[in-house]
Amino acid sequence: SYKKLANYLSDEYDVVTFPYDWRIPVAESAKALNDKIIELRKHNQPIKIIAHSMGGLVAREFILNHTDTWSILNEMTGFKLVLLGTPWMGSYRIPNVLAGRDGIIKQLDALDYSHSKTELINLFAKFPGILNLLPVRKTDPDFSDETFWKTFQQASGIVWTIPSKATLEEFGAFRKQVQEKVDAIDYSNIRYVAGLDKETIKGLTIENGLLQFHATAKGDQSVTWESG
């Protein structure tokens, strides 16, 4: 757990946790992270960052949107950014959840007596933060395309409401920035730790109205090694 990791590191480091709201756009959390780093720099101490899963996307948005702070941080002696299972270029587990097929949504459906599976999916589809976890490579489907979402929803075999036009436009801008700028990031002080599980969703296809997900053994159940 995070607490165990924080306690372990606190033997040698002053550990500062950075909580964020997974529902909001990661760009908003990245701005808060930038403010936190500026505040911590006043102590004139070395800074290292460990980011798990979506936290790594917050860190990536910080790098892309707050270049001045990132440059200063990246040039500090001993600085490192460690990413633990971050879906750097997105995760197909999110479409699997929204299609109602992932184990997470099935567990929530079984545990939450006040909401049906469809209601839970409708709720998740509204959150920009959830969409920020979607695949964003040029070879991936364009998840900012409303037409694609309509086809995807119909092929899922269940009725739910696709993300709003405003949410899709926001994701489109997010996706475009990642594609245009991610390769220019200086990765010299960034380290990635990948996990391993039996099966990880790596892609999807829709043929003749049928939705199929495809899996690989090279991943941690949520993130493939290729997209991480």
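Quick note: residue numbers are just sequence positions, from 1. Just so it is clear, the structure is predicted and the values come from calculations on it, not from any experiment.
Q179 places a side-chain N or O within 3.5 Å of a backbone atom of V136 that can act as its donor or acceptor partner. No donor-acceptor distance shorter than 3.5 angstrom exists from the side chain of D102 to the backbone of N96, with no hydrogens or angles considered. Side-chain atoms of T67 never come within 3.5 Å of backbone atoms of I63 as a donor-acceptor pair (strictly under, hydrogens ignored). The closest donor-acceptor contact from the side chain of R101 to the backbone of L98 lies at 3.5 Å or more, if one exists at all. Panel note: side chain T200, backbone Q221; a donor-acceptor pair is recorded below 3.5 Å. Although no hydrogens or angles enter the test, the distance criterion places no donor-acceptor pair under 3.5 Å between the side chain of T167 and the main chain of P163. With hydrogens and angles disregarded, no donor-acceptor distance shorter than 3.5 Å links the side chain of S91 to the backbone of V223. D140 contributes a side-chain N or O that, together with a main-chain N or O of R137, makes up a donor-acceptor pair within less than 3.5 Å.
Annotation: side chain of K202 is not in contact with side chain of Y92 (no heavy-atom distance under 4.5 Å). Using a 4.5 Å heavy-atom cutoff, the side chains of I104 and R93 are in contact. Taking 4.5 Å as the limit, every side-chain heavy atom of E28 sits out of range of all side-chain heavy atoms of Y20. Between I38 and L40, the closest side-chain pair of non-hydrogen atoms is not below 4.5 Å. Here the side chains of D145 and F171 are not in contact, with every heavy-atom distance at 4.5 Å or above. The closest side-chain heavy-atom distance from I105 to K117 is below 4.5 Å. For the pair H66 and K31, the minimum side-chain heavy-atom distance is below 4.5 Å. Put simply, the side chain of L81 reaches to within 4.5 Å of the side chain of F79, judged on heavy atoms.
In the model, S144 has no side-chain atom that pairs as donor or acceptor with a side-chain atom of R175 under 3.5 Å. With no hydrogens or angles considered, a side-chain donor-acceptor pair links N65 and Q177 at under 3.5 Å.
Relative orientation of the F152 and W149 rings is perpendicular, given thresholds of 30° and 60° on the angle between their planes.
Applying the ring-ring contact (aromatic ring centres under 6.0 Å, His included) test to Y8 and every residue at least two apart in sequence or in another chain returns nothing.
Within 6.0 Å of atom CZ in R23, 12 or fewer heavy atoms from other residues, nucleotides or ligands are found, so the atom counts as exposed in its surroundings. Other residues, nucleotides and ligands contribute over 12 non-hydrogen atoms within 6.0 Å of the NZ atom of K80. Crowding of D14 atom CG: a count of heavy atoms from other residues, nucleotides or ligands under 6.0 Å not exceeding 12.
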With a 3.5 Å cut-off and sequence neighbours excluded, list the donor-acceptor pairs that the side chains of residues 46-57 form with protein atoms.
| residue | atom | partner | partner atom | Å |
| --- | --- | --- | --- | --- |
| K48 | NZ | G78 | O | 3.1 |
| H52 | ND1 | Y2 | OH | 2.7 |

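Closest approach of D220 to G85, counting heavy atoms only: OD2-CA, 3.9 Å. Between P95 and L204 the shortest heavy-atom distance is CB-CD2, 3.9 Å. In plain terms, the two heavy atoms of L133 and I94 that are nearest each other are CB-CG1, 3.6 Å. Nearest approach of T118 to V159, heavy atoms of both residues: CG2-O, 2.8 Å. W88 approaches Y187 most closely through the heavy-atom pair NE1-OH, 3.1 Å. Residues D21 and S29 come closest through the heavy atom pair O-OG, 4.0 Å.
Here CD of E75 is found 9.0 Å from CG of D186. Values are rounded to the nearest 0.5 Å. Considering CD of E146 and CD1 of I162, their distance stands at 4.5 Å, rounded to 0.5 Å. Note: E119 CD to W160 CH2 = 15.0 Å, rounded to the nearest 0.5 Å. Within the model, atoms NZ of K218 and CG of L196 stand 11.0 Å from one another, a figure rounded to the nearest 0.5 Å. Atoms CZ and CG, from R41 and L73 in turn, are 8.0 Å apart once rounded to the nearest 0.5 Å.
Pairs passing the ring pair (Phe, Tyr, Trp, His ring centres under 6.0 Å) check and including a residue from residues 190-228, sequence neighbours excluded, do not occur.
Salt bridge E170/K165: absent, no basic N to carboxylate O contact under 4.0 Å.
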